[in-house]
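Right, one structure below, let's go through it.
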Amino acid sequence: MIEISPDIREYAHYYRSLYFKDMEKNVLALESALMKNGFSVSWAHNKETLAEQVQILLPKKSHNRVCMDISNHEEITIDKEVINECKCSTINNREFNVDALVIEADFAIVSNGSLVFIDKESQNGFNFVDHLVVIVNLDQVLLNASDLPIFLHIKSQSGFPQDVKIIHSPLTQIIPDPFISSDSKGYSTITGNVSVILYANNTEPLLQDDFLVNSIFCIHCNRCNDVCPVAKTTQISPIDIVKNNCLDEYNRTQQIFSQTTLCGMCQDVCPVNIPLTDLLAYEMKIVNNNFTTWKQDYVYKVFAKRSKLNKTTNFLFYRVWMKLLFGKNKMLQNYFLKNKSTYFAIQEDENNPSVPPSNEII
């Protein structure tokens with residue numbers, strides 16, 4: 001994983017904030033630019049309406065061959081009697097004709113209405129399908145094309161993506177002629193159909209809070225998930241904890257206290273300077289105020305003074321804190337007890353056999 005310089009992080013954070021400061025106007029400008037470029041545009045508010053829009057845009061055939069190249073495949077539930085879903089390798093290997101490709105754009109650019117795709121599984125499949133359905137998450141929009149190189153750099157953990165595709169207009173497919181003669185070019189062309197769905201993905205509650213809005217600056221680079229010690233056990237990334245706890249009222253409970261240690265590693269690696277640790281603590285405070293119990297109140301106070309916890313040499317205090325927080329999750333508790341030196345500046349006697357040195361979860 002490459003290290004992103006502080007200057008680039010500040011630049012990225014600033015230009016993300018410019019988009020969200022006047023998001024409504026910018027999204028309408030994006031819609032206008034997309035339509036001007038010849039794309040058809042529709043809207044989806046949540047995953048249910050997203051699935052409906054995708055199904056509406058698919059070709060009307062009894063058995064459509066459709067490839068899905070999106071990160072959260074489970075968000076789109078389409079009647080299996082309507083489509084015959086294929087793997088993306090079907091397009092790449094040209095095993096048989098595919099009627100449509102449903103794909104998620106990594107970025108959309110307001111200034112010129114272009115769509116950006118990074119290291120997609122479908123690779124060069126755009127030219128081998130008649131219908132391209134593109135999902136644009138409204139939190140993945142950039143204002144200007146000049147900003148794109150920076151965001152391509154920070155989204156890829158290797159320094160720069162291997163495969164970047166940018167489309168500005170409906171794609172032209174080249175169809176080889178079955179018979180080649182001196183009078184023909186040897187091929188013909190057809191214009192493919194590109195439909196764009198602008199997907200809000202329930203961002204309204206986050207936009208209504210001046211601090212929580214920072215969470216949707218995320219560019220889905222996955223760095224926070226890779227370094228998070230809790231995610232290794234819970235399979236929930238820090239940014240998802242923030243979003244889920246805000247969007248789902250059911251989750252605004254003490255669950256958040258068992259989903260993070262506020263170690264700060266996610267915030268350290270975020271390439272767009274999202275204050276993840278502060279966001280998690282902020283939501284803990286909301287939970288503490290709305291659903292207070294003695295346990296939540298105690299643990300929140302400990303978390304709020306995390307700098308003291310990092311400096312403590314009192315191992316007994318640390319163990320009591322761990323038991324309060326992870327008393328019912330022995331796997332997670334063992335994980336932190338064995339790896340505490342990675343996340344907390346707690347010093348122990350090297351001869352203490354109670355916590356063997358290991359980086360594995362038992």
State the [atom1]-[atom2] distance between [X] and [Y], to the nearest 0.5 angstrom.
{"X": "S215", "Y": "L276", "atom1": "OG", "atom2": "CG", "answer": "8.5 Å"}
{"X": "D147", "Y": "F151", "atom1": "CG", "atom2": "CZ", "answer": "6.0 Å"}
{"X": "N201", "Y": "I216", "atom1": "CG", "atom2": "CD1", "answer": "10.0 Å"}
{"X": "Q140", "Y": "H220", "atom1": "CD", "atom2": "NE2", "answer": "4.0 Å"}
{"X": "L207", "Y": "T203", "atom1": "CG", "atom2": "OG1", "answer": "4.5 Å"}
{"X": "T49", "Y": "I197", "atom1": "OG1", "atom2": "CD1", "answer": "9.0 Å"}

Requested in this report: Check the pair L132, N193 against side-chain contact (heavy atoms from CB on, under 4.5 Å), reporting the backbone distance first and the verdict last.
Outcome: CA-CA 6 Å; L132 188 65; N193 177 36; over 6 Å; no
Student check: side-chain heavy atoms of [X] and [Y] closer than 4.5 Å:
{"X": "V134", "Y": "V194", "result": "yes"}
{"X": "H131", "Y": "L57", "result": "no"}
{"X": "L148", "Y": "I166", "result": "yes"}
{"X": "S40", "Y": "V196", "result": "no"}
{"X": "V129", "Y": "C67", "result": "no"}
{"X": "D240", "Y": "S237", "result": "yes"}
{"X": "P275", "Y": "Y282", "result": "no"}
{"X": "I241", "Y": "L280", "result": "yes"}

For the residue pair [X] and [Y], what are the closest heavy atoms and their distance?
{"X": "C218", "Y": "I274", "value": "N-CD1, 3.4 Å"}
{"X": "N26", "Y": "L18", "value": "ND2-O, 3.9 Å"}
{"X": "L138", "Y": "A200", "value": "CD1-CA, 3.9 Å"}
{"X": "D278", "Y": "Q267", "value": "N-OE1, 3.6 Å"}

Could you check whether [Y] and [X], counting side-chain N and O atoms only, form a donor-acceptor pair closer than 3.5 Å?
{"X": "N273", "Y": "Y14", "answer": "no"}
{"X": "N112", "Y": "S114", "answer": "yes"}
{"X": "H168", "Y": "N37", "answer": "no"}

Query raised in the report: Who pairs with D119 by side-chain contact (heavy atoms from CB on, under 4.5 Å), at least two apart in sequence or on another chain?
Result: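 In terms of side-chain contact (heavy atoms from CB on, under 4.5 Å), with neighbours along the sequence ignored, D119 is linked to P161, Q162, D163.
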Requested in this report: Would you please classify the geometry between the F217 ring and the F20 ring as parallel, tilted or perpendicular, with 30° and 60° separating the classes?
Outcome: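 The arrangement is parallel - the two ring planes meet at less than 30°.
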Requested in this report: Take N222 and D226 through the side-chain contact (heavy atoms from CB on, under 4.5 Å) test and state the conclusion after the steps.
Outcome: CA-CA 6 Å; N222 215 37; D226 291 343; 3.6 Å; yes
Requested in this report: Let me know which of I135, V141, V136 forms a side chain to side chain contact (heavy atoms under 4.5 Å, CB included) with L198.
Outcome: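 Output: one option passes, namely V136.
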Query raised in the report: With R223, which of P271, C270, C266 fulfils side chain to side chain contact (heavy atoms under 4.5 Å, CB included)?
Result: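 With R223 as partner, P271, C270, C266 yield a single side chain to side chain contact (heavy atoms under 4.5 Å, CB included), made by P271.
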**Report entry** Cation-aromatic face contact K47/Y199, 6.0 Å, 45 degrees
**Finding:**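 No, a cation-pi geometry is absent between K47 and Y199.
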Query raised in the report: Do side-chain atoms of N144 reach the backbone of S146 as a donor and acceptor pair under 3.5 angstrom?
Result: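 Such a contact is absent between N144 side chain and S146 backbone.
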Query raised in the report: Would you say the side-chain atoms of K165 pair up with the backbone N or O of V116, donor to acceptor, closer than 3.5 Å?
Result: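 Between the backbone of V116 and the side chain of K165 there is no qualifying donor-acceptor contact (under 3.5 Å).
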Query raised in the report: With a 6.0 Å cut-off on ring centres, are Y15 and Y11 close enough?
Result: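 Ring centroids of Y15 and Y11 are less than 6.0 Å from each other.
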Report task. With side-chain contact (heavy atoms from CB on, under 4.5 Å) as the test, would you mind laying out the steps for L212 and E283 before giving the verdict? Result -> CA-CA 9 Å; L212 288 175; E283 291 198 331; 3.5 Å; yes
Query raised in the report: Can you list the steps and then say if K87 with E121 is a side-chain contact (heavy atoms from CB on, under 4.5 Å)?
Result: CA-CA 9 Å; K87 295 181 178 179; E121 188 180 352; 5.7 Å; no
Query raised in the report: In chain order, what residues pass the ring pair (Phe, Tyr, Trp, His ring centres under 6.0 Å) check against F117, with sequence neighbours excluded?
Result: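 F117: ring pair (Phe, Tyr, Trp, His ring centres under 6.0 Å) contacts with F126.
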Query - Under the side chain to side chain donor-acceptor pair (under 3.5 Å) test, residues paired with D69 that sit two or more places apart - result: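 D69: side chain to side chain donor-acceptor pair (under 3.5 Å) contacts with S122.
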Query raised in the report: Applying salt bridge (Lys or Arg N to Asp or Glu O under 4.0 Å), which residue pairs with at least one partner in residues 8-23 are found, sequence neighbours left out?
Result: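 Residue pairs passing salt bridge (Lys or Arg N to Asp or Glu O under 4.0 Å), neighbours aside: D22-K25.
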Report task. Kindly state each residue pair satisfying salt bridge (Lys or Arg N to Asp or Glu O under 4.0 Å) with at least one member in residues 133-144, sequence neighbours excluded. Result ->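 Residue pairs with at least one partner in residues 133-144: D139-K243.
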Query raised in the report: Is there a path of hydrophobic side-chain contacts, each under 4.5 Å between heavy atoms of I, L, V, M, F, W or Y residues, that connects I56 with L58?
Result: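 In one cluster with I56: L58, no.
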Tell me which donor-acceptor pairs under 3.5 Å the side chains of residues 27-36 have, and how far apart each pair is, sequence neighbours excluded?
unit_1 : atom_1 : unit_2 : atom_2 : d
E31    : OE2    : W43    : NE1    : 3.0

